[in-house]
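So that the names make sense, note that chain A is the first sequence line, chain B the second, and so on, each numbered from 1.
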Protein chains: 2
Amino acid sequence: MATSTKKPATIPVDCTTCQARIDGLCQGYALNDLREIAGHKSGDRRVKAGQELLSLGEPCDAIYNLVDGWVILYILLEDGRRQILHFALPGAVLGFHPANGAMMTYGAQALTDAVVCVIPHKALGPLSRQYPEVGLRLGWLMSRDSSMSYAHLTSIGRHSARERVAHLILELFIRYRSRWPGHRIEEMHLPLTQEDIGDATGLTGIHVNRVLGDLKTEGILTFSYRRLSILDPDKLVDVAGTDPELLQSWIRQPAPAQSARDETVGGVSPISLTKGPRRRLGRANTGSGGAVVARCQA
Amino acid sequence: MATSTKKPATIPVDCTTCQARIDGLCQGYALNDLREIAGHKSGDRRVKAGQELLSLGEPCDAIYNLVDGWVILYILLEDGRRQILHFALPGAVLGFHPANGAMMTYGAQALTDAVVCVIPHKALGPLSRQYPEVGLRLGWLMSRDSSMSYAHLTSIGRHSARERVAHLILELFIRYRSRWPGHRIEEMHLPLTQEDIGDATGLTGIHVNRVLGDLKTEGILTFSYRRLSILDPDKLVDVAGTDPELLQSWIRQPAPAQSARDETVGGVSPISLTKGPRRRLGRANTGSGGAVVARCQA
DNA sequence: CGCTTACTTGAACCTTGTCAAGTCATGTGG
DNA sequence: CCACATGACTTGACAAGGTTCAAGTAAGCG
């Protein structure tokens, strides 16, 4: 379960066990640095499942480190249509905006009980002067977001309903499972309705239902009442029609802040996605000049 | 025209007049700082219209500051389907990747002759230590990219073909025109085919053609052979079914690196989008209760 | 046990895609 | 300046994938 049921709501976030240390903003910092960084926080915030964390149009003057729970980002149209933009998992940073004092251009709602730690935008300048890697890491996190967003764009724009649904489920499964490396389970609590899946994939909930029905008939997966079981991972990858490498790249960690590399989490190879070369992405035929591999240490 | 036809290909980029100084990475820096920053460059690169700048799957070890020209980011599927992810205009940063030494997850192709200046990833660490704002600005730029991407997701996922095409054209028009503040022209060279518009909006070129035909019949715009004229801006905004505020927010500048605020570019109000409150975005009805709760230590 | 939310299924409809056959615009060499 | 080649645009008929409307059933919750 992604929700923190063990802690009473009054206990503040414990930075030493925070997910943001694993692949989020605070990755790679030693304990005393964490204490420093936490000094910039304006506090923590807990929201119940179903509540809004950030509302469209409200001014946003802080970034939110998602510590626990699932959160969706979405845009609501005036006629009621909704597009889910992103499923944020612990370690994500929300509310980082291009322009200072800008309004939120989308909303954020908790799917499960959730916890965020809040850092005001105006602390970012000083913070990044003290810890220059923080700025870069924010950049990397944002860049990962847009990379994921690009994959979603491709899914919605150029894939069939079948592919889209399979792709989304595969993505969420892999992302979720990557944080429980030991588990080999192929079953999980996915806190979504079929309607939600529709709103994320650009389909109607009804059609999602039909697609899920097909996938069940074919023995690929079952999903009902927020319970997901993957029955045939390989077939699922096949139906999703995507390069598993791409999905993997999101759970691989950006470069850590310092040298404190932590290989215990992330980098796991979920299900059997490692089977042979399965290129699903084409290549342009315009010759492009050579490139050199280089490693970088920030 | 966005292409630089006046300079021969051998002259290096002049940082003092570079677009990246206006709303890109180098905004707000004084001349001697610019010189410092430019010292981290590994060089410039010029590509002809139609050529690939970055190829999918190749390792990427540098960021590319787009100095001049139009560049598309796209994903190509193995069966030939293509999704255009983004239209990059001067000032954009390309190739900034979450994981060090990662492969490109998408390709980039020049639509016009284009010029980029190249900064190796491994220079970013030192650079951001010397100029901490650089890391944050990169974050802001990436965050803007994902914000734009979110708008595209909504467009493709929840808008009709008509709305999508109108939205894209409006977006490109506004973004392009924002860099020529003086001009009140409603005509421009848009270096796209109808097929390209289709690949960006998740439609077929043929259907784009039909939609454009309708828009022309209705006296809203004409677009053919890369020539765009907006005949009725207000109607176009209406058809696009989007909040112009959102589009505006992308051409508004992020906070400058220092205090050197430069209001001469950007912040223009394109066409007559300023007419009254035109909220096209809905609001959730979940009461987003209270506020900040606990304070935290480390 | 009754309520609510979520899921399921069917039939009619409509938007968009597909296939095919054009026409028009632009550039090039003669 | 024209003939030709090429890429881009245009149009029509038809099919398909997905939506809409409507009427259910099952699961979870107090």
H152(B) and side chain to side chain donor-acceptor pair (under 3.5 Å): which single residue from E171(B), H167(B), H86(B) fits?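 Of E171(B), H167(B), H86(B), side chain to side chain donor-acceptor pair (under 3.5 Å) with H152(B) is met by E171(B) alone.
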Residues in ring pair (Phe, Tyr, Trp, His ring centres under 6.0 Å) contact with Y150(A), at least two apart in sequence or another chain: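 Once residues adjacent in sequence are excluded, the partners of Y150(A) under the ring pair (Phe, Tyr, Trp, His ring centres under 6.0 Å) criterion are Y106(B).
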Looking at [X] and [Y], would you say the former's side chain and the latter's main chain have a donor-acceptor pair under 3.5 Å?
X       : Y       : value
T112(A) : W70(A)  : yes
D44(A)  : V13(A)  : yes
D196(A) : T193(A) : yes
R175(B) : F87(B)  : yes

N/O donor-acceptor pairs under 3.5 Å from side chains in residues 199-208 of chain B, not counting sequence neighbours:
{"residue": "D199(B)", "atom": "OD1", "partner": "R158(A)", "partner atom": "NH2", "Å": "2.7"}
{"residue": "D199(B)", "atom": "OD2", "partner": "R82(B)", "partner atom": "NE", "Å": "2.7"}
{"residue": "D199(B)", "atom": "OD2", "partner": "R82(B)", "partner atom": "NH2", "Å": "3.0"}
{"residue": "T201(B)", "atom": "OG1", "partner": "I197(B)", "partner atom": "O", "Å": "2.7"}
{"residue": "T201(B)", "atom": "OG1", "partner": "G198(B)", "partner atom": "O", "Å": "3.4"}
{"residue": "T204(B)", "atom": "OG1", "partner": "H207(B)", "partner atom": "N", "Å": "3.2"}

[atom2] on [Y] to [atom1] on [X], rounded to 0.5 Å:
X       : Y       : atom1 : atom2 : value
I75(A)  : T105(A) : CD1   : OG1   : 6.0 Å
E186(B) : D232(B) : CD    : CG    : 9.5 Å
Q194(B) : N209(B) : CD    : CG    : 4.5 Å

For dC14(C) and S160(B) - does any side-chain N or O of the residue sit under 4.0 Å from the phosphate oxygens OP1/OP2?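 For dC14(C), OP1/OP2 do not have a side-chain N/O of S160(B) under 4.0 Å.
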Between T204(A) and dG18(D), does any side-chain N or O lie under 4.0 Å from OP1 or OP2?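 It does not, given that no N or O in the side chain of T204(A) lies less than 4.0 Å from OP1 or OP2 of dG18(D).
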Going through the distances and angles, do L221(B) and L212(B) end up as a side-chain contact (heavy atoms from CB on, under 4.5 Å)? CA-CA 8 Å; L221(B) 59 80; L212(B) 286 175; 4.0 Å; yes
Please list, in numerical order, the residues of residues 205-215 of chain A that have a heavy atom closer than 4.0 Å to any atom of DNA chain D.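 Nucleic-acid contacts, sorted: I206(A), H207(A), R210(A).
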Residues from residues 192-200 of chain A lying under 4.0 Å of DNA chain C - heavy atoms: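 Going residue by residue through residues 192-200 of chain A, the ones with a heavy atom under 4.0 Å of DNA chain C turn out to be T193(A), Q194(A).
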Separation of [N] [atom2] from [X] [atom1] (nearest whole Å):
X       : N       : atom1 : atom2 : value
R162(A) : dA16(D) : CZ    : C1'   : 16 Å
L190(B) : dA8(D)  : CG    : P     : 15 Å
H159(A) : dG17(C) : NE2   : C1'   : 17 Å
R227(B) : dA8(D)  : CZ    : C1'   : 17 Å
L203(B) : dA16(D) : CG    : C1'   : 16 Å
F223(A) : dC7(C)  : CZ    : P     : 7 Å

Residue whose closest nucleotide on DNA chain C lies nearer the 5' end, K216(A) versus R158(A):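 That would be K216(A).
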One pair to check against side-chain contact (heavy atoms from CB on, under 4.5 Å): V67(A) and V116(A). What are the steps and the verdict? CA-CA 5 Å; V67(A) 172; V116(A) 292; 5.8 Å; no
Tabulate protein N/O versus nucleotide N/O from nucleotides 28-30 of chain D, keeping only pairs under 3.5 Å, one per line.
none

Degree of bending, the helix from dC1(C)-dG30(D) to dG30(C)-dC1(D) (end axes from five pairs; round to 10°):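 Angle reported: 40°, given to the nearest ten degrees.
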Yes or no on side-chain contact (heavy atoms from CB on, under 4.5 Å) for L53(A) and R45(A), after CA distance, side-chain angles and deciding distance? CA-CA 9 Å; L53(A) 182 65; R45(A) 193 174 147 195; 4.0 Å; yes
Test side-chain contact (heavy atoms from CB on, under 4.5 Å) applied to Q83(A) and Y74(A), step by step: CA-CA 6 Å; Q83(A) 176 67 44; Y74(A) 63 91; over 6 Å; no
